[in-house]
Amino acid sequence: MPVIIVNQTFEPWSELQQQTQALSLRPGSYGASNIFLGTMRDFNEGDDVQAMTLEHYPGMTEKHLEAIIEEAKSQFDIDEALIIHRVGPIQPAETIVLTAVWSAHRKAAFDANRFLMEELKHRAPFWKQETLQNGSTRWVEKNTPG
Amino acid sequence: MPVIIVNQTFEPWSELQQQTQALSLRPGSYGASNIFLGTMRDFNEGDDVQAMTLEHYPGMTEKHLEAIIEEAKSQFDIDEALIIHRVGPIQPAETIVLTAVWSAHRKAAFDANRFLMEELKHRAPFWKQETLQNGSTRWVEKNTPG
Amino acid sequence: MSIQVRYFASLGDQLGRQEDQVQAEGPITVAEVWQQATDGLPMPPNILMAVNQEYAETDQTINDGDEVAFFPPVTGG
Amino acid sequence: MSIQVRYFASLGDQLGRQEDQVQAEGPITVAEVWQQATDGLPMPPNILMAVNQEYAETDQTINDGDEVAFFPPVTGG
C-alpha cells in the first residue's frame, strides 16, 4: 500500500526499510531514491509549540494521496512512490510526513518527490492545530510556501 | 563528520539514523529533511552489470565533498548536510551514495540536496568501473545528466 | 432527499458541531446546502468544499445520499 | 625540484602506471609536467588535472613538492 495513515509515532528509517521491502521494487532495478521527511518543530511563527494535533478527513485523505501518487507516476519516469502521514496528537521532533520515490535516475526522483510534497500540501485534507506553551490551542492558517 | 567515505556495504537507513544522532541537530529544531540515495543497478547502457569498482582520489575527494557541503550551507538556508560515498568493490542493489540535508522548510532541503548531488557528480573525483556478465570490465565514460 | 454535511478543523470549532443532516425536496446546490445547514450564515472566505470526497464548487448540484463537506485551507505535510 | 604525478581510472590503465616522479630545474607548467612524464604523449581530450588536489588548467605553474594529477571525467554518485 503506497499510502499509509498512522496515528502513532513511527521511526522513519526503520519504517522506510520495511516499506521498501513491501513494495514491488526489484533490488538492482532502480538507481535513485529520494526521501522527504517533515518533522514537527517545537516553535512556529515566533511561539514555542508543545504539541500538535492533526485532523484529517478519513476516506477523502487516502483517496487524494493515492491520486497524487498516480499523477506522479504518470508525469515522471518513476518506479514506485510512498506516502506515510501522521494524524492525531504529535509531539515535537516526531515525523509528520514521509514521502519517497524510487526511479532509474536522480532527476525523476527529485522532481517526483517534490511534486508529491507540493500536491500533498495543497490538496490533501489535513489540518494542524498547535498547542502553545501556555496550553492554548490555535489552528495553523496556512502552509509555508514550497 | 559530514563527509564519510566507506569501503564496505552499509545499510542506508540505520546509517542515517546513527549519523543524524551524531550531527549537531537539536530534535525539534528542523522541520524538513531530504535524503537522496544512489543505488547500484544490475544493468547499464543495455548490458547486465555484475559488479562495480569505485576508484577515488584519497584526500582530494574528501576535500571537494567538504567544500560542496560548505557551499550548500552558504547558498541555502539549511542546518546540516551529510554525504556518505562508497569506494572499492560494490555489488548490485548496494548503496553507492547517500546525501542528506536538514532545514527549517522543505524548499531549502530539496534545493540543497539536489545541489549536493549535482556538484558531487560534476566535481568529486570518483570513477566507476563496471564488470559485465562475461567478466570483462569497462570504465563508465560519463554520468547521466541530472 | 437526505444530505450528510460535514465540517472540519476550525470550521467545526466555529460552528460548534462536526456534522449536519440536510433534507431537501428537489435539486439543491452546495451553496444552498450551506445556507440550509447553517441557517443562512455567510460562508467564510477561503472555505473549501467537497462532494463525495472530491473538491467541488458552490454551484455543484447535490443528489440524494451525497456527502458534502466544508473545511478551511488544508495544512498537512 | 621534484614533482609527484598521479594518474587515475582509465588513464592509469592506458598509461600502465598510477604515478610518476618528474624532476625539473626551473618553473614548469602542468602541460610540461605531462609532456615530461609521458615522453611527449598527446594529452587525451577531456582530461582533467589537479594541482595539490585542486582542479587546475594546463598553464598553471608548479612548485617544488607539488602533487599533480591527471584523470578522466569523474563519474561518482
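Sequence lines set the chain letters: A, B, ... in the order given, protein chains first and strands last, and positions in each chain run from 1. Both backbone and side-chain heavy atoms feed into the values below; hydrogens, waters and symmetry mates do not.
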Report yes if some heavy atom in the side chain of F126(B) is under 4.5 Å from a heavy atom in the side chain of T75(D); otherwise report no.
no

Shortest non-hydrogen contact from Y57(B) to A69(D)?
CE1-CB, 3.4 Å

Atom group of W139(B) that falls short of 4.5 Å from chain D, counting heavy atoms
side chain

Hey, is the main chain of R123(B) close enough, under 3.5 Å, to the side chain of Y55(D) for a donor-acceptor pair?
yes

Heavy-atom count check: over 12 atoms from other residues, nucleotides or ligands less than 6.0 Å from D77(B) CG?
no

Region of A50(D) that comes under 4.5 Å of a non-hydrogen atom in chain B:
side chain

Would you say E55(B) and F71(D) make side-chain contact, with heavy atoms under 4.5 Å?
no

Would you say the side chain of E54(D) lies within less than 4.5 Å of the side chain of H64(B), judging by non-hydrogen atoms?
yes

Check for a donor-acceptor pair, side chain of W127(B) on one end and backbone N or O of S10(D) on the other, with a separation under 3.5 Å.
no

Heavy atoms, side chains only, cut-off 4.5 Å: are Q129(B) and D13(D) in contact?
yes

Would the number of heavy atoms belonging to other residues, nucleotides or ligands and lying under 6.0 Å from CD of Q23(D) be above 12?
yes

Just by distance, do the side chain of K128(B) and the backbone of G77(D) share a donor-acceptor pair under 3.5 Å?
yes

